[in-house]
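Quick note: residue numbers are just sequence positions, from 1.
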Amino acid sequence: MRGPRVIVVDACTRDGRGGSPTAVVLDDASRTDEERRAVASTVGASHTAFVDSSGVGPPRVRFFTGEGELRNCGHGTIAAQAVLLHRAGATEHRGHQSTGGRTVAVTATRRRDGIEVWFEQGVIALSDRADPTDSADSAVIAALGLTPGDIVADDLRVASPGTPRLLVRVRERRTLSAMRPDVARLAAECRRLGYLGCFAYVLAPTAEPATARMFAPAIGVDEDIVNANSVGCLAAHLLDTSRDSDIAVHQGDTLDRPSAVLATATRTPDGIVARIGGLVHHPRAQPA
């Protein structure tokens, strides 16, 4: 495949380990979208960020999985901004990136154990509460391998920072850890309902981090190691239901890739917005 090297970062690491391997390609406008879809599988990453800094204004960042282009990607944004800071040799950068037709505010800071990135997610649309007894929602719950008794029905919610996903609060961590979705059925149900995927989570009873798993077979990712945008959606849902929206969420343990995302939500005249942060290990190069 023509073009520059692919740079891979472990996005949203926890205690110096894990994170989601995410590919970043800099300043490569020559690839076709078919080639872009192939990059992630070539280097063993679920997502790839393509950064084009050739124009005037903020760099344009596009995201791809093996199934096609995504409107946005939280951990891909964190990965891309970490690589840009690393490339510049700077200690901090405050700026913007252009993604999915809008401009996103970003901050990247070099730390001893990597690069910390925060970005503004923008307005998050929250639907009326979903109903686990409704045939459509119950089909998704069943495809996840859950029963109505496994979930907190009042916290079943569709949230969208651009692409809808179903937030599913599971009652117990052992149930969350044991989930084995029917991925073919789940992909079909999510495509039918227009969902990116399902973000299943357990809230801790104290100030401890929440635990979550993200299933998105409809976009070719049976289970995402980390899904930062869904953490922002959860923060928005918590704020909308009068709870503390300053959260830390742990993911990736069932995949032996411990990951962590931070988020906080705020009300604005335009709606609820979220700010999302994560740490990445130092970039490493891969052949493209």
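Applying the salt bridge (charged side-chain N to carboxylate O under 4.0 Å, His left out) test to pairs two or more places apart or on separate chains, those with a residue in residues 218-233 are Arg213-Glu223. Applying the salt bridge (charged side-chain N to carboxylate O under 4.0 Å, His left out) test to residues at least two apart or on different chains, the pairs with a partner in residues 230-240 are Arg157-Asp240, Asp240-Arg267. The stretch residues 186-202 participates, sequence neighbours left out, in these salt bridge (charged side-chain N to carboxylate O under 4.0 Å, His left out) pairs: Glu189-Arg192.
Separating the OG atom in Ser46 from the CD atom in Glu67 is a distance of 12.0 Å, to the nearest 0.5 Å. The CG atom of Leu196 sits 6.5 Å away from the OG atom of Ser230 when rounded to the nearest 0.5 Å. With rounding to the nearest 0.5 Å, the separation of CD1 in Ile151 from CG in Leu144 is 9.0 Å. Summarising the geometry, atom CH2 belonging to Trp118 is positioned 10.0 Å from atom OG1 belonging to Thr107; distances are rounded to the nearest 0.5 Å. Distance CG/Asp155 to CG/Leu234: 8.5 Å, rounded to 0.5 Å. How far CG of Asn229 is from CZ of Arg71: 11.0 Å, rounded to the nearest 0.5 Å.
A distance-only check finds no donor-acceptor pair linking the side chain of Ser98 to the backbone of Pro59 [under 3.5 Å]. Side-chain atoms of Arg14 come within 3.5 Å of backbone atoms of Ser259 as a donor-acceptor pair (strictly under, hydrogens ignored). Side chain of Arg62 to main chain of Ala49: no donor-acceptor pair is present (N/O by atom type, distance under 3.5 Å, no hydrogens or angles). The backbone N or O of Ala153 lies less than 3.5 Å from no partner atom in the side chain of Arg169, so there is not a single donor-acceptor pair.
Across Ala108 and Gln81, no two heavy atoms sit closer than the pair CB-O, 4.1 Å. Here the closest non-hydrogen pair linking Cys190 and Ala218 is CB-CB, 4.0 Å. Residues Leu167 and Ala159 come closest through the heavy atom pair CD1-CB, 4.0 Å. When all heavy atoms of Ala11 and Ala79 are compared, the pair lying nearest together is CB-CB, 4.4 Å. Minimum heavy-atom separation, Gln121 to Pro161: NE2-CB, 3.4 Å. Residues Ala80 and Val61 come closest through the heavy atom pair CB-CG1, 4.3 Å.
Hydrophobic clustering keeps Val104 apart from Val123 (ILVMFWY residues linked when any side-chain heavy atoms are closer than 4.5 Å, directly or through intermediates). Cluster membership for Leu262 and Val106, using ILVMFWY side-chain heavy atoms within less than 4.5 angstrom, is not shared. Residue Ile276 is not grouped with residue Leu279 when hydrophobic side chains (ILVMFWY) are merged at heavy-atom distances under 4.5 angstrom, including chains of intermediate members. Placement of Val183 and Phe215 in two distinct hydrophobic clusters is found when ILVMFWY residues are connected by side-chain heavy-atom separations under 4.5 Å, directly or transitively. Hydrophobic clustering, with ILVMFWY side chains joined whenever heavy atoms are under 4.5 angstrom apart, keeps Val273 apart from Val261.
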Worked verdict on Val25 versus Val51 for side chain to side chain contact (heavy atoms under 4.5 Å, CB included)
CA-CA 6 Å; Val25 181; Val51 182; over 6 Å; no

Is there a side chain to side chain contact (heavy atoms under 4.5 Å, CB included) between His86 and Val9? Walk through the geometry before answering.
CA-CA 11 Å; His86 181 76; Val9 298; over 6 Å; no

Test side chain to side chain contact (heavy atoms under 4.5 Å, CB included) on Ile219 and Leu70; report intermediate values, then the result.
CA-CA 8 Å; Ile219 61 168; Leu70 302 176; 3.8 Å; yes

Using the rule given for side chain to side chain contact (heavy atoms under 4.5 Å, CB included), can you reason through Phe64 versus Asp33, listing the C-alpha separation, both sets of side-chain angles and the distance that settles it, and then say yes or no?
CA-CA 9 Å; Phe64 284 79; Asp33 284 358; 3.6 Å; yes

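At a cut-off of 3.5 Å, with distance as the only test, a side-chain donor of Thr77 or Gln97 sits close to an acceptor on the other residue. A donor-acceptor contact closer than 3.5 angstrom links the side chains of Ser54 and Asp52. A side-chain donor from one of Glu92 and Thr109 sits under 3.5 Å from a side-chain acceptor of the other. If you check the side chains of Thr32 and Glu34, you find no donor sitting under 3.5 Å from an acceptor.
Every ring-ring contact (aromatic ring centres under 6.0 Å, His included) that His47 has, sequence neighbours left out, goes to His75. Scanning for salt bridge (Lys or Arg N to Asp or Glu O under 4.0 Å) contacts around Asp182 gives an empty result, with sequence neighbours left out. Considering only residues two or more places apart in sequence or on other chains, Arg60 meets the salt bridge (Lys or Arg N to Asp or Glu O under 4.0 Å) condition with none of them. Checked against salt bridge (Lys or Arg N to Asp or Glu O under 4.0 Å), Arg180 has no partners two or more places apart in sequence or in another chain. By the salt bridge (Lys or Arg N to Asp or Glu O under 4.0 Å) test, Asp150 pairs with no residue at all, sequence neighbours left out. By the ring-ring contact (aromatic ring centres under 6.0 Å, His included) test, Phe63 is found to be paired with no residue, residues two or more places apart in sequence or in another chain being considered. Partners of Arg37 by side chain to side chain donor-acceptor pair (under 3.5 Å), not counting sequence neighbours: none found.
When side chains are defined from C-beta on, Thr241 counts as touching His237, because their heavy atoms get closer than 4.5 Å. Val8 places none of its side-chain heavy atoms less than 4.5 Å from the side chain of Val24. In this structure, Val168 and Leu146 have side chains that are in contact, with non-hydrogen atoms separated by less than 4.5 Å.
Within a 6.0 Å radius of CZ in Arg171, other residues, nucleotides and ligands contribute more than 12 heavy atoms.
Applying the 4.5 Å side-chain rule to ILVMFWY residues, one finds Ile124, Leu239, Ile272 in the same cluster as Leu126.
Ion pair Arg275/Asp246 not flagged as a salt bridge, since none of the NZ, NE, NH1 or NH2 atoms sits closer than 4.0 Å to an Asp/Glu carboxylate oxygen.
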Review item, side-chain donor-acceptor pairs of residues 198-212, under 3.5 Å, at least two apart:
unit_1 : atom_1 : unit_2 : atom_2 : d
Thr206 : OG1    : Glu208 : N      : 3.4
Thr211 : OG1    : Arg173 : NE     : 3.2
Thr211 : OG1    : Arg173 : NH2    : 3.3

